[in-house]
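There's a structure below that I have some questions on.
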Amino acid sequence: MGIDTVLWSKLVTGMTLGFHMIFATIGVGIPLMIAIAELIGIRKQDSHYTLMAKRWARGFVISVAVGVVTGTAISLQLALVWPNFMKLAGNVIALPLFMEVFAFFFEAIFLGIYLYTWDRFKNPYIHWLLTIPIVAGAGMSAVFITTVNGFMNQPEGFTMQGGQFTAVNPVQAMLNTATFSKVFHVLSSAYLTGAALLAGIAAFTMLRKGVTGYHKKALKLMMAVVMLFGLLNTVAGDASAKFLAEHQPEKLAAAEWHFETESGADLILLGWLNAEHKIIGAVHLPKILSFLAFGNFNAKVTGLNEFPPDEQPPLLVHYFFDLMAGIGFALLGISVLYFLFTFWKKRNEHNKWILRIIALGAPLAFLGVELGWFYAELGRQPWILRGYMRVEEAATTSPSVRILFFLFLLLYIVLGVFSVLVLRRLFNNNPAETEMEKWAQHAGDKRTGKGAHA
């Protein structure tokens with residue numbers, strides 16, 4: 001029996017992206033949190049914040065190691081699973097792919113120096129300055145790879161001749177129309193998710209082991225960052241909606257189940273479709289879609305029926321879009337609630353229900369990132385390169401792609417288990433309070449001259 005190589009190609013890439021996105025998001029988001037914590041520790045001369053930076057950096061190294069493997073897998077799969085796409089567009093996306101690797105090595109070099117130079121400088125600000133290239137390298141790595149995705153959504157920077165891309169301008173291809181909104185959304189969501197993860201860990205630890213000074217400070221700091229990037233992520237989402245309305249109206253229409261072109265279009269939340277594509281049980285917000293799309297409550301929004309049926313994205317993306325946006329607003333709401341309880345003296349911001357909600361926010365943030373990427377990729381269907389190449393034209397015809405799926409699945413199971421075991425070993429057996437005591441004792445020994453031989 002023959003197999004559907006297109007389906008298996010989608011499954012291989014979807015699985016890889018889904019797994020990689022967890023570690024890529026951590027890899028982009030956590031360095032900024034480390035930099036913020038260390039800077040506050042230096043300015044306030046508070047060893048709690050310095051310890052945060054140290055502990056977070058240790059965990060971050062594990063995510064970098066796994067991210068390298070999964071990132072390499074994606075590059076490998078572009079050639080093995082989507083050979084026709086690389087044949088057509090390889091000369092266009094080669095520059096950002098190379099720059100992404102360069103950004104990673106740039107980050108890795110300074111990360112190594114950062115990890116091995118704690119307490120080596122008389123001026124602690126010198127050590128903190130090492131976080132700047134780490135944050136920049138992590139961010140630029142995300143920027144360069146996102147420009148590739150932007151190009152796939154909005155191909156620019158070439159001339160089409162004889163079925164080939166000629167007169168290629170790789171910089172123009174990177175700085176395509178989709179780049180700004182996509183990069184803004186990717187970075188803001190990565191920083192939001194990184195902060196939500198660390199806040200969730202602090203809240204979960206407080207639920208299990210009680211409230212401590214270290215975790216109270218970590219939680220308050222990260223919830224402030226969640227609020228900041230929650231607001232920025234909302235702005236990024238608005239910019240993305242306006243981009244879609246102008247340049248990819250079929251994607252926006254599919255996400256909103258907006259079938260007929262009309263002025264003053266409603267925003268559709270939740271609901272389901274019957275066999276006749278009638279929307280059942282949804283919440284309609286009058287004219288809000290027109291406002292989100294064009295900043296005008298009476299603007300005309302293109303309906304999905306304007307496009308040929310074989311060029312319409314799957315309507316499933318509506319649920320991805322709703323859940324992604326809902327999670328973003330929920331994270332922002334959680335941070336607002338936390339600070340309301342902080343400043344409302346009759347309430348305790350560390351009560352069990354608040355801590356449970358914050359702890360739940362960590363996996364929700366990652367779910368939001370995953371849903372966002374699946375919406376971005378499925379919403380571009382049936383195109384792998386919008387307007388130029390369909391997914392079925394790009395995929396491999398080799399039946400070996402099925403074997404490839406199970407090999408990569410095994411790899412990701414091993415990597416996932418390895419990551420969990422190492423992180424548990426790093427932190428469960430070495431709680432922050434114990435490390436704080438050892439650190440204070442070591443500092444005392446250095447002042448009294450003990451252990452000077454070390």
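Computed from a prediction, not measured in an experiment: that's the story for all the values here.
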On a heavy-atom basis, which atom in Ala254 and which in His318 lie closest, and how many Å separate them?
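Here Ala254 and His318 meet closest at O-CB, 4.0 Å.
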Counting C-beta onward and ignoring hydrogens, is there a side-chain heavy-atom pair between Tyr49 and Glu38 closer than 4.5 Å?
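No. Closest side-chain heavy atoms not under 4.5 Å.
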Evaluate the ring planes of Tyr375 and Phe321, with Trp represented by its six-membered ring, and classify them as parallel (under 30°), tilted (30 to 60°) or perpendicular (over 60°).
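Aromatic pair Tyr375/Phe321 classed perpendicular.
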Main-chain N/O of Lys287 paired to Asp266 side chain as donor or acceptor, under 3.5 Å:
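Yes, because the side chain of Asp266 sits within donor-acceptor range (under 3.5 Å) of the backbone of Lys287.
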Between Glu393 and Asn84, does any side-chain donor sit less than 3.5 Å from a side-chain acceptor?
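Not at all, the side chains of Glu393 and Asn84 share no donor-acceptor pair under 3.5 Å.
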I'd like to know whether Gln77 forms a side-chain hydrogen bond (donor to acceptor under 3.5 Å, both in side chains) with Thr16, so could you lay out the CA-CA distance, the side-chain angles of the two residues, the decisive distance to 0.1 Å, and finally the verdict.
CA-CA 9 Å; Gln77 287 174 17; Thr16 299; 2.7 Å; yes
Test Pro249 against every option in Leu244, Thr302, Leu304 by the side chain to side chain contact (heavy atoms under 4.5 Å, CB included) rule and name the one that passes.
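Of the listed residues Leu244, Thr302, Leu304, the side chain to side chain contact (heavy atoms under 4.5 Å, CB included) partner of Pro249 is Thr302.
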Just by distance, do the side chain of Ser335 and the backbone of Ala224 share a donor-acceptor pair under 3.5 Å?
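Not confirmed, Ser335 side chain does not pair with Ala224 backbone.
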So which heavy atom on Phe294 is nearest to which on Lys300, and how close?
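Closest approach of Phe294 to Lys300: CE1-O, 3.3 Å.
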What's the verdict on side-chain hydrogen bond (donor to acceptor under 3.5 Å, both in side chains) for Trp82 and Thr13, showing C-alpha distance, side-chain angles and the deciding distance?
CA-CA 9 Å; Trp82 308 103; Thr13 304; 2.8 Å; yes
Ring centroids only, cut at 6.0 angstrom: are Phe158 and Tyr388 within range, meaning strictly under it?
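Phe158 vs Tyr388: aromatic centres under 6.0 Å.
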Does Phe110 have its ring centroid less than 6.0 Å away from the ring centroid of Phe106?
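Yes, they do, as the ring centres are separated by less than 6.0 Å.
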Is there a donor in the side chain of Thr261 and an acceptor in the side chain of Glu306, or the other way round, less than 3.5 Å apart?
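There is such a pair between these side chains.
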Are His185 and Ser240 linked by a side-chain donor-acceptor pair shorter than 3.5 Å?
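Yes, side-chain donor-acceptor contact under 3.5 Å.
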Who are the side-chain hydrogen bond (donor to acceptor under 3.5 Å, both in side chains) partners of Glu250, not counting sequence neighbours?
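For Glu250, the residues satisfying side-chain hydrogen bond (donor to acceptor under 3.5 Å, both in side chains) (neighbours in sequence not counted) are Arg386.
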Does Lys242 have more than 12 heavy atoms from other residues, nucleotides or ligands lying within 6.0 Å of its NZ?
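Check passes, neighbour count above 12.
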Closer than 3.5 angstrom, by distance alone: can the side chain of Glu256 be matched with the main-chain N or O of Ile268 as a donor-acceptor pair?
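Yes; judged by distance alone, with no hydrogens or angles, the pair exists.
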Is the cationic atom of Lys209 (NZ for Lys, CZ for Arg) positioned less than 6.0 Å from the six-membered ring centroid of Phe204 and within 45 degrees of its normal?
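Relative to the ring axis of Phe204, which defines the angle, Lys209 lies outside at least one limit.
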I would like to know whether Tyr319 and Trp257 meet ring pair (Phe, Tyr, Trp, His ring centres under 6.0 Å); could you show each step before the answer?
CA-CA 10 Å; Tyr319 300 109; Trp257 286 348; 5.4 Å; yes
Residue pair Thr177 / Glu156, side-chain donor-acceptor N/O under 3.5 Å:
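Looking only at side-chain atoms, Glu156 and Thr177 do form a donor-acceptor pair, the distance falling under 3.5 Å.
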